[in-house]
There are 4 protein chains.
Amino acid sequence: MFELDLRSRAPIYEQLVDKIKELIINNVLKPDEQLPTVRVLASELTINPNTIQKAYRELEYRGYVYSVPGKGNFVRATVPDNNAARLQTLEREVLKNVSEMLYLGMSPHDITTLIQRSLSEDKGGKVHD
Amino acid sequence: MFELDLRSRAPIYEQLVDKIKELIINNVLKPDEQLPTVRVLASELTINPNTIQKAYRELEYRGYVYSVPGKGNFVRATVPDNNAARLQTLEREVLKNVSEMLYLGMSPHDITTLIQRSLSEDKGGKVHD
Amino acid sequence: MFELDLRSRAPIYEQLVDKIKELIINNVLKPDEQLPTVRVLASELTINPNTIQKAYRELEYRGYVYSVPGKGNFVRATVPDNNAARLQTLEREVLKNVSEMLYLGMSPHDITTLIQRSLSEDKGGKVHD
Amino acid sequence: MFELDLRSRAPIYEQLVDKIKELIINNVLKPDEQLPTVRVLASELTINPNTIQKAYRELEYRGYVYSVPGKGNFVRATVPDNNAARLQTLEREVLKNVSEMLYLGMSPHDITTLIQRSLSEDKGGKVHD
DNA sequence: GTGGTCTAGACCACG
DNA sequence: GTGGTCTAGACCACA
């Protein structure tokens, strides 16, 4: 289900957070759907359960998941609320990346195409308040 | 010259790499221009010289800087050569960020505007092979 | 009758204890009034009877309820007896919370208003020994 | 420095979070002051370093502390920003506690006195935006 | 020396 | 069986 790079500099739990966040954003994991249990995912990925736990806890802090002790971890139905700060970070990130793509020789036209494609491909699925 | 956030989670040397790369990309630091010597920059930023050294080595490895032993470090005139791989990474990154911006409620129109603005602001400056 | 949050971190039996205690304190449940039987409440809330049982036992232990074997559970007419200790705990709790409200920027005036409002809203109903 | 109740139902790390938060709120720990290092506190309290780490991380999430890897953990100079939700929780808590204090026989006058005393005793020390 | 990550393995509360 | 907590002990990156 997930591909982890154990040799990467990025901590395992963060790679997990990233992957799962992506699945939620792209509506592959639906609202209130249960995530794999800590133990199951741990054995599937041959990773220590504590590491999975940490990833789930992190996702909870960031507002993508909620945990019901004794039941499991589930996808939160609502979008995180500290939008503003996060959006600003994302904007800065994108601008930096676009600069670098230009620098590396990618044409403005190709960049625009890239963005438009990603905008039309959006899988949506969440309702905003 | 540089503003470092000593309290940030990001390692200092990486902040340095990022800032300098940005200056090169935006053509503030011109091709073959000499970067501040390790000593000077270290004393200006009141930072351990080893940290500066590490940042310069990293920039050299990534193809943004070349080092002339006994002389100093200079901006490379040509664009890094592992373009394809890096560009692919950047594209994936941008797509992911755009998805998240949509998920967080930013409108496609605002995203397009953001990108177009950044495309027209490009400072250019490098000649591609 | 009760609104439980099955997704909450707080154990269900504790939520139950809290709700019922509140109803007793606010004199909604009158002295010697019978509480819903375990079975009834369990089916109403679609919750495991053991969980209800545990909540009732807890309420009995804390002095808010008495159990008549074969009859059911009833609201105790008299106030719990370990007043002093409990009151001290409550006082410490309130002081801590007031400190935090001040720290978070709530004005002393608003805090006073909050308290006075709650004092005048008291539903009373119990006679003290 | 801290008194922990190892037999309490409350997890050790949460007790720690509570104590430290209190010290920060009461301005005993000043802004930008360094907290005891993970290892030192762990050996002082004869508790596993991971547990301290978890407490510090939790404090960071809640906005009371920042961590500089390789340097240590420090008191944040600014007040947490998700005030509204937290304040609402605190208000509800206080109302509930006041109700219970009345129920247990504490007089409205004594309650008012308690609050006023705590309001005038505020050690302040933080500047709000 | 500092925080951060990870593992292995144990125990507990809840339902 | 589930998540949550805790310990012991190891290793790494950073400055």
From [atom1] of [X] over to [atom2] of [N], roughly how many Å is that when rounded to an integer?
| X | N | atom1 | atom2 | result |
| --- | --- | --- | --- | --- |
| E58(C) | dA13(E) | CD | P | 13 Å |
| Q53(D) | dT5(F) | CD | P | 15 Å |
| E60(D) | dG4(E) | CD | C1' | 11 Å |
| L4(B) | dA15(F) | CG | C1' | 13 Å |
| F74(A) | dG3(F) | CZ | C1' | 11 Å |
| K54(A) | dG3(E) | NZ | C1' | 10 Å |
| E14(D) | dT5(F) | CD | P | 7 Å |
| L6(A) | dC12(F) | CG | P | 15 Å |

Between [options], which nucleotide has the shortest distance from any of its atoms to the side chain of [X]?
| X | options | answer |
| --- | --- | --- |
| N50(D) | dT5(F), dT7(F), dG15(E) | dT7(F) |
| R9(A) | dG4(F), dC14(F), dT5(E) | dC14(F) |
| N48(A) | dT7(E), dA8(F), dG4(F) | dT7(E) |
| P11(A) | dT5(E), dT5(F), dG4(E) | dT5(E) |
| T51(D) | dT7(E), dG3(F), dT7(F) | dT7(F) |
| N73(A) | dC14(E), dG3(F), dG3(E) | dG3(F) |
| K71(D) | dG4(E), dA15(F), dG15(E) | dA15(F) |

Side chains of [X] and [Y]: closer than 4.5 Å at any heavy-atom pair?
| X | Y | result |
| --- | --- | --- |
| R7(B) | D32(D) | yes |
| Y56(B) | L16(B) | no |
| E100(C) | E22(D) | no |
| I52(D) | R39(D) | no |

Exercise. In terms of side-chain geometry, is the basic nitrogen of R76(B) or E60(B) positioned less than 4.0 Å from the acidic oxygen of its partner?
Worked result: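 So R76(B) does not pair with E60(B) through a salt bridge.
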Exercise. Quick one: do K54(D) and E58(D) make a salt bridge, cutoff under 4.0 Å?
Worked result: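 No, no charged N to carboxylate O under 4.0 Å.
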For this session: Let me know, please, whether A10(C) or Y13(A) comes out on the 5' side of the other along DNA chain E by nearest nucleotide.
Result: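 The 5'-side residue here is Y13(A).
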Problem set entry | Watson-Crick or G-U wobble partner of dG9(E), both distances under 3.5 Å |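 Pairing partner, where one exists within any strand: dC6(F).
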Exercise. Watson-Crick or G-U wobble partner for dC14(F), using a 3.5 Å limit on both distances?
Worked result: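 Its partner is dG1(E) (Watson-Crick or G-U wobble, both distances under 3.5 Å).
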Please classify the nucleic acid contact of [X] as base, sugar-phosphate, or nothing, using heavy-atom distances under 4.0 Å.
| X | answer |
| --- | --- |
| I12(C) | sugar-phosphate |
| R39(A) | base |
| Y56(A) | nothing |

Problem set entry | Side-chain N,O (R57(D)) to OP1/OP2 (dT5(E)) below 4.0 Å |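 Answer yes for this pair, as a side-chain N or O of R57(D) is under 4.0 Å from OP1 or OP2.
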Exercise. So, is S67(A) close to the dG4(F) phosphate, meaning a side-chain N or O under 4.0 Å from OP1 or OP2?
Worked result: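 For S67(A), the contact criterion (side-chain N or O under 4.0 Å from OP1 or OP2 of dG4(F)) is met.
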